[in-house]
Number of protein chains: 2
Amino acid sequence: MDYATAKRINQLLTTVYGDIVRVEELALRQSQFKDISIKEVHAVDVISMYEHKTTSQVARELRITPGTLTTMVNHLVRKDYVQRIRSDDDRRFVRLGLTRRGRLIYRAHESFHRKMVESFAKDMDDEQLQIIEKALLNLEAFLEFADPTPKK
Amino acid sequence: MDYATAKRINQLLTTVYGDIVRVEELALRQSQFKDISIKEVHAVDVISMYEHKTTSQVARELRITPGTLTTMVNHLVRKDYVQRIRSDDDRRFVRLGLTRRGRLIYRAHESFHRKMVESFAKDMDDEQLQIIEKALLNLEAFLEFADPTPKK
DNA sequence: TCAAATAGTTCCAACATCAAAATAATAGCA
DNA sequence: TGCTATTATTTTGATGTTGGAACTATTTGA
């Protein structure tokens with residue numbers, strides 16, 4: 001790969017994420033969900049609709065400590081996005097679920113991402129999509145090699 | 001695009017950035033540059049080698065406030081990565097430059113990114129590279145449309 | 001000449017985060 | 001059964017990041 005191309009792709013890769021976050025934050029401010037941050041939405045996304053994962057599970061997926069998640073969940077409960085559900089079989093566990101409002105934001109966020117990916121792959125056929133997925137998998141493998149810490 | 005593919009690509013797009021940051025942070029801890037965070041390295045990257053941009057310019061590119069950059073630069077000066085250069089023509093401006101140590105970390109970071117992009121585009125020919133670049137540009141255009149705030 | 005504008009810095013409050021200690025519940029074993 | 005160790009979560013205290021407002025230094029222009 002020539003130097004200029006590497007530079008351009010690197011530039012795109014490194015700026016795109018910040019742009020996504022900024023656009024999502026902006027969209028939230030303009031929506032009916034003004035009281036929630038993008039980080040909190042990502043927590044809602046991981047908590048998700050049906051699984052009722054435990055606090056530790058969710059913390060691990062978000063790569064934050066359980067203590068940090070506890071305070072985050074406190075906020076999300078106060079703002080009526082998340083509910084705590086004590087496990088009946090083992091009362092040490094706290095399982096997390098979404099409220100009606102939580103499910104609303106979950107779906108709004110999901111829909112934004114769907115649109116985003118569609119714009120990303122605009123006008124591309126299956127073969128081209130496969131190339132893109134391959135590139136992203138290459139990148140993941142490279143990172144995985146550099147830090148083999150398991151993700152879940 | 002079918003639902004499953006959209007889901008997979010979305011998943012990859014959203015996790016990859018966090019993984020990059022984590023791997024870079026890890027690499028720093030294991031290198032000779034243990035006293036610098038990845039955010040600070042990104043500041044070094046924007047300050048860059050030869051331009052001597054002003055504080056406001058750098059702050060705008062990093063999308064942080066000038067006040068925040070001032071404290072960041074204080075740290076980077078104390079740790080001998082960055083130097084302040086008063087403009088002689090207009091003494092209100094502070095221009096930022098890298099020290100020898102700053103240039104070292106700049107090049108190390110650049111080299112990491114070069115390797116990363118190469119892994120990303122492993123085994124791909126020019127045509128395939130073009131598809132990838134196109135996809136990233138599509139995504140940028142989508143985001144640009146959602147938030148037309150200029151980047152520089 | 002001096003008021004307005006511009007660039008940067010200082011200061012403070014809000015927030016996120018982690019590590020360690022504390023609390024609550026369960027499991028395992030004598 | 002009755003402890004003791006283990007596990008899951010929460011609380012607490014300390015630290016670092018950030019933005020915004022007030023402030024300082026300098027330049028511009030009427």
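The analysis underlying the following values was restricted to heavy atoms, covering all of them including side chains, and did not include hydrogens, waters or symmetry mates.
- If H75(A) and S87(A) are placed on DNA chain C by their nearest nucleotide, the residue sitting closer to the 5' end is H75(A).
- Atom pair Q57(A):CD and dT9(D):P shows a separation of 9 Å (rounding to whole Å applied).
- Under 3.5 Å, the side chains of S87(B) and D90(B) contain no donor-acceptor pair of N or O atoms.
- If you take CZ of F93(B) and C1' of dT26(D), they are 10 Å apart, rounded to a whole angstrom.
- Atom CD in E25(B) sits about 10 Å away from atom P in dT17(D), given to the nearest Å.
- Within the nucleic acid shown, T70(A) comes within 4.0 Å of at least one base atom, counting heavy atoms only.
- Mapping heavy-atom proximity under 4.0 Å, the span of DNA chain C touched by chain A runs 5' to 3' from dA16(C) to dT26(C).
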Please write out each protein N/O paired with an N/O of nucleotides 18-22 of chain D under 3.5 Å, distance rounded to 0.1 Å.
unit_1	atom_1	unit_2	atom_2	d
dT18(D)	OP1	K39(B)	NZ	2.7
dG19(D)	OP2	T65(B)	N	3.3
dG19(D)	OP2	T68(B)	OG1	3.0
dG19(D)	N7	T68(B)	OG1	3.2

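- No side-chain donor-acceptor contact under 3.5 Å links S111(A) to the backbone of R107(A).
- To the nearest angstrom, C1' of dA8(D) lies 12 Å from CG of L69(A).
- Note: I38(A) CD1 to I20(A) CD1 = 10.0 Å, rounded to the nearest 0.5 Å.
- The CG-C1' distance, from D89(B) to dA25(D), rounds to 16 Å in whole Å.
- Within the nucleic acid shown, R84(A) comes within 4.0 Å of sugar-phosphate atoms alone, with no base atom in reach, counting heavy atoms only.
- When heavy atoms are screened at a 4.0 angstrom cut-off, S37(B) is found touching no nucleic acid atom at all.
- To the nearest angstrom, P of dT10(D) lies 13 Å from CZ of R78(A).
- Side-chain N/O atoms of R92(A) and base N/O atoms of dT7(D) include a donor-acceptor pair closer than 3.5 Å.
- Rounded to whole Å, the distance from CZ on R86(B) to P on dT24(D) is 15 Å.
- If you measure from atom NZ of K53(A) to atom C1' of dA8(D), you get 18 Å, rounded to the nearest angstrom.
- Using a 4.0 Å cut-off between charged side-chain N and carboxylate O, E118(A) and R114(A) make a salt bridge.
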